Amino acid sequence: MRPEPFALERYFARYEFSAPHLLSSSDCDGLPMAEVLAMGDDECRGLWRALTLGYTESLGLPQLRAEIARLYETVGPDEVLTGAPEELIYIAMIALLSPGDHVVCTFPAYQSLHQVAETIGCEVTRWVPREEEGWRLHPADLEASLRTDTRMVVVNAPHNPTGALPPRADWDAITGLVAAHGARLFCDEMYRGLELDPGARLPAAADAVEGAISLSGMSKVYGMAGTRIGWLAVRDEEARGSLAAMKDYTTICSSAPSEVLALIGLRNGAALIARHLARAERNLAALDGFFARRADLFTWVRPRAGTICLPRILADDISAEALALRSVEEAGIMLAPATLFGLDDRHVRIGFGRENLPAVLKRFEEFVAAAYRPR
Ligand SMILES: Cc1ncc(COP(=O)(O)O)c(C=O)c1O
């Protein structure tokens, strides 16, 4: 079994550490290690001092799983499985799907969310959000895709790459439809917690539907991607057993130092989220200004959550790939064209979770002004 190359990750591998200016990162700035350790409470400092570098518990450090469970209404510490987020997507699809299964998946999406199922030999129906309705993941489109043999519905909300977040009524319709069809809901909630209006936060899928699985982690919301710690919240015991058994073929257990660092991050989660939301809001104000000044070239749907958005290029003669290539080659600014998501050549992804966004955006505006005349 060999999946297609992961286009976005290959692109990041090429440019993320060579391009001087990043305008498409999906995470918040990585937290300095010293700052994380300084935030630790007495218990965490004790765990850190006493840490040995042996194997750890396969499901994850018990204190970490207890802290993760507090993020949910109905999920207990023993209903949590930790691992690297990307690893957990792989594990879930391999453990829970079989060749010939029908799967509905949000599209465009973080590639592994549909790619692994396709590689297994599942039939994947793409559920495309409606751009003209603010990238709405329309429940009617899901309903039209569901079949009696649909095994799994994969949703990513808040959504990478559009920044869309279903309104509560749509979310209730979506979870209701999946439950009524008896399909399993797999919800990638990697950006949950970064809602610009905190009142718009949706119930986690694992709480909303009994057999559903929620994926989340430290990478985006907490600025701790380097820990490689994420988790699945799974109330269904049988599914949990299959997932745990599959992890024996990937990492077996998580990194011991990372588990303690993630525990510290979660115990300080409210402060970290407040900081990251304030930064996102400041950066969105800068993007508001840019898109207003360059309304001749771009239009965008202002995101409702997360750290990314997917503006559209208006000029027919400028392709997203060409813009991204010129931008990185001539100005050292990395942008991700939507072709990396298999969408089209008309959109580019912009990330606004980083402290230096206003400076990089200013540079990008200067590049655009020099490269493309006003239309
Ligand atoms: C929607 C989504 N899911 C999963 C992941 C994987 O997270 P990680 O890179 O921490 O493994 C990403 C990373 O970009 C993502 O955007």
Side-chain angles (χ1 to χ4, degrees), residues 26-28 30-31 59-61 63-93 96 106 109-110 112-113 153-160 163-166 171 174-175 184-195 198 200-209 211-236 239-240 243-244 247 251 254-255 258-259 261-270 272-273 276-277 280 304-308 353:
S26 60
D27 54 351
C28 299
L31 292 183
L59 291 180
L61 181 74
Q63 293 93 325
L64 176 61
R65 284 188 283 120
E67 205 60 44
I68 292 168
R70 287 160 53 88
L71 300 171
Y72 301 89
E73 301 280 327
T74 60
V75 177
D78 292 337
E79 296 171 326
V80 169
L81 170 74
T82 67
E86 171 71 321
E87 170 194 14
L88 294 172
I89 295 173
Y90 187 80
I91 283 177
M93 302 304 159
L96 303 176
T106 314
Y110 190 68
S112 47
L113 291 173
V153 174
V154 182
V155 190
N156 169 216
H159 184 222
N160 174 12
L165 174 71
W171 182 241
I174 290 165
T175 52
R184 187 183 301 284
L185 180 60
F186 181 94
C187 191
D188 180 325
E189 298 166 0
M190 289 296 290
Y191 299 87
R192 182 168 179 266
L194 284 182
E195 296 78 11
R201 184 172 306 167
L202 298 172
D207 285 327
V209 184
I213 298 176
S214 289
L215 165 72
S216 193
M218 303 306 296
S219 306
K220 315 297 179 184
V221 177
Y222 302 97
M224 295 177 70
T227 60
R228 310 307 299 125
I229 294 284
W231 57 86
L232 296 174
V234 196
R235 283 191 284 151
D236 175 343
R240 215 167 48 242
L243 295 162
K247 193 181 166 190
T251 55
S254 295
S255 141
S258 286
E259 290 188 319
L261 297 171
L263 179 62
I264 297 174
L266 284 181
R267 287 190 176 170
N268 292 276
L272 293 176
I273 287 176
H276 293 153
L277 271 177
R304 299 214 311 136
T307 45
I308 38 202

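Source: prediction; values computed, not measured.
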Looking only at non-hydrogen atoms, find the nearest pair between [X] and [Y] and report the distance.
X: Tyr191; Y: Ile308; result: OH-CD1, 3.7 Å
X: Phe186; Y: Ala92; result: CE1-CB, 3.5 Å
X: Val209; Y: Leu185; result: CG2-CD2, 4.3 Å
X: Ala200; Y: Arg304; result: CB-NH1, 4.1 Å
X: Leu88; Y: Gly230; result: CD1-C, 3.7 Å
X: Gly193; Y: Leu277; result: O-CD1, 4.3 Å

Between [atom1] on residue [X] and [atom2] on residue [Y], distance to nearest 0.5 Å:
X: Gln63; Y: Ile68; atom1: CD; atom2: CD1; value: 11.5 Å
X: Met190; Y: Thr307; atom1: CE; atom2: OG1; value: 10.0 Å
X: Ile264; Y: Asn268; atom1: CD1; atom2: CG; value: 8.0 Å
X: Leu194; Y: Cys28; atom1: CG; atom2: SG; value: 5.5 Å
X: Ile213; Y: Ile89; atom1: CD1; atom2: CD1; value: 12.0 Å
X: Leu266; Y: Leu71; atom1: CG; atom2: CG; value: 6.0 Å

Student check: side-chain heavy atoms of [X] and [Y] closer than 4.5 Å:
X: Cys187; Y: Trp171; result: yes
X: Leu202; Y: Pro166; result: yes
X: Glu87; Y: Arg228; result: no
X: Glu73; Y: Pro203; result: no
X: Thr106; Y: Val154; result: no
X: Trp231; Y: Leu81; result: no
X: Asp27; Y: Lys220; result: yes
X: Asp188; Y: Leu113; result: yes

List the steps and the verdict of side chain to side chain contact (heavy atoms under 4.5 Å, CB included) for Leu232 and Val80. CA-CA 6 Å; Leu232 296 174; Val80 169; over 6 Å; no
Is there a donor-acceptor contact under 3.5 Å from the side chain of [X] to the main chain of [Y]?
X: Thr251; Y: Ser254; answer: no
X: Arg240; Y: Glu79; answer: no
X: His159; Y: Ala164; answer: no
X: Arg192; Y: Ser216; answer: no
X: Arg235; Y: Ala206; answer: yes

Report yes or no: do Ser214 and Glu189 form a side-chain donor-acceptor pair below 3.5 Å?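 Yes, Glu189 and Ser214 have a side-chain donor paired with an acceptor closer than 3.5 Å.
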side-chain hydrogen bond (donor to acceptor under 3.5 Å, both in side chains) between Asp207 and Thr74, worked out: CA-CA 6 Å; Asp207 285 327; Thr74 60; 2.5 Å; yes
Run the side chain to side chain contact (heavy atoms under 4.5 Å, CB included) check on Val75 and Val234 step by step: do they pass? CA-CA 7 Å; Val75 177; Val234 196; over 6 Å; no
Given Ser258, which of Ile229, Thr82, Leu61 fulfils the side-chain contact (heavy atoms from CB on, under 4.5 Å) condition?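 For Ser258, the side-chain contact (heavy atoms from CB on, under 4.5 Å) test succeeds with only one of Ile229, Thr82, Leu61, which is Ile229.
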Look at Glu67 together with Arg267 and state whether they make a salt bridge at an N to O cut-off of under 4.0 Å.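 Salt bridge flag = yes for Arg267 with Glu67.
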Could you walk me through whether Val221 and His276 satisfy the side chain to side chain contact (heavy atoms under 4.5 Å, CB included) test, starting with their C-alpha distance in whole Å, then the side-chain angles of each, then the deciding distance to 0.1 Å, before giving a yes or no? CA-CA 7 Å; Val221 177; His276 293 153; 5.7 Å; no
